[in-house]
Amino acid sequence: MQIVNPFSTPDKVIGICGGGQLGKMLCEAASAWDWKTAVLDESHDFPAGKIAHRFTEGDFTKYEDVLAFGKTVDVLTIEIEKVNLEALIELEKMGKIVHPSPAALRIIRDKALQKQFFIDQGLPTAEQFLFDSRESLLEEFHAGKITIPFVQKVRSGGYDGRGVAIIRKEEDLALLLEGPCLVEAMVDIETEVSVIAVRNENGEIKTFPPVAMAFHPEANLVEYLYCPSGLGPALELEATQIAQAAIESLEMSGLLAVELFLTTDGDWLINEVAPRPHNSGHHTIECCSVSQFQQHLLAICNLPLIDPQLLQPAVMINLLGEEGYTGPVKYIGIEQALRLGSVYVHLYGKETTKPFRKMGHVTVSNRNVSSAIKTANFIKDQIKVIA
Ligand code: ADP
């Protein structure tokens, strides 16, 4: 169990596969501690390119690119699951420190393997049925073996709901996605909750306070995330224990964001997990005793973890590209939002906007969570991301 300590050995380099906003915020956290970062992604113009200590242009899905990059860093991590797995396995064999472990990543990045893993571990998740293709799913449907309503998920590569088709009525079958997939029953969801757990190689585990998500009633998009979740201590403890069990069973180091459904019957189901920083942890930058990004850095270096306390209630909204605009980005209304106070704006530095693209986020902090929600909703109407 190796420890890498960039505080006492400042030449150590943390390598990050992926230069999007999560990579950028990892670099920001590292920079605050004067840790060195190297990032691999296609273009220097990507969010992390502007602040990484070293940026390597390359394709993190390609074996050669990841292998060559990995050799130049001391600890290798990811901000996206799509990274070339064979290269990570090879680097680990060569003695490189890679977190999350390729073994855990192999399970997590295929939704079907992930679900089967949790089922085998006795952790709660919806039952699944696997299909090779859209056609074979449709065959089973027409044979009466699947009934509406149901949810189809592509096994890998989906994100932000893009790999999910919710089939509520027969006409929705047109929405079915191509490729190997799983089907699960439609769950009656009371609340969607996320718990970010973190573990280091020493086996130390911490969890961030649960975060609840509020959805837009028509668009089925996350409107805002809030913490505390309002679930109360008993339910929060249950959710936290599931997240702990999930990270423990995967024996992985670094962050694991565990997305859960609380059903209308009061049961918990794991929806999916992500072995990296997560959208539901952005408020931790300003509102917790440690940010998810700092905690991830500590964990992958096998340094002692920090107890994550919520310092002040937080509400987080994503800044999405406005519908109808594609092109070089402009932000309207930011300075008015900032004047409200306790409003923390993060713009990711993506050069072009397109409809619903995640371009930034805003965290609102307030002693009173409902006041923070009010401010967040006001800001949502004020700020526009256009071209
Ligand atoms: P992604 O990986 O793209 O984020 P998710 O698996 O999280 O996709 O699903 C996206 C959304 O679809 C969830 O946040 C939830 O609102 C809805 N959803 C997913 N699975 C189910 C289900 N079994 N029943 C009801 N709604 C679901």
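By convention here, the first residue in the shown sequence is residue 1. Ligands are counted one by one from 1 in listed order, and the atoms in each one are counted from 1 as well. As the structure is a computational prediction, the values presented were derived from the model and not from experiment.
When the heavy atoms of V164, V222, V151 are ranked by distance to atom 10 (C) of ligand 1, first place goes to V164.
Residue R162 has at least one heavy-atom neighbour below 4.0 Å for each of these atoms of ligand 1: 3 (O). Shown in contact with I189 at under 4.0 Å from a heavy atom are these atoms of ligand 1, numbered in order with element: 25 (C), 26 (N). Listed by atom number, the atoms of ligand 1 under 4.0 Å from E192 heavy atoms are 13 (C), 14 (O), 15 (C), 16 (O). Atoms of ligand 1 found under 4.0 Å from any heavy atom of M186 (numbered from 1 in listed order, with element): 24 (N), 25 (C). Heavy-atom proximity to E259, at under 4.0 Å, picks out these atoms of ligand 1: 7 (O). Which parts of ligand 1 touch E184 is read off a 4.0 Å heavy-atom cut-off, strictly below it: atoms 20 (N), 21 (C), 22 (C), 23 (N).
Minimum heavy-atom separation, V154 to K111: O-CD, 3.8 Å.
R54 and T72 share a side-chain donor-acceptor pair at under 3.5 Å. S365 and S342 share no side-chain donor-acceptor pair at under 3.5 Å.
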key: Test ring-ring contact (aromatic ring centres under 6.0 Å, His included) applied to F7 and W33, step by step   = CA-CA 8 Å; F7 292 119; W33 288 340; 5.4 Å; yes
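Under a 4.0 Å heavy-atom criterion, F261 is in contact with ligand 1. The closest approach between K111 and ligand 1 falls below 4.0 Å for a heavy atom of the residue.
Residue contacts with ligand 1, taken as heavy atom pairs separated by less than 4.0 Å, involve K153 solely via side-chain atoms from C-beta onward. If you look at A126 next to ligand 1, there are no close heavy atoms at all, none under 4.0 Å.
Under a 4.0 Å N-O distance rule, the pair K50/E351 qualifies as a salt bridge.
The aromatic rings of Y348 and H361 lie tilted to each other, with the angle between the two planes from 30° to 60°.
For Y344 and H283, the ring centers are positioned 6.0 Å apart or more.
In Q336, the CD atom is crowded: over 12 heavy atoms of neighbouring residues, nucleotides or ligands sit closer than 6.0 Å.
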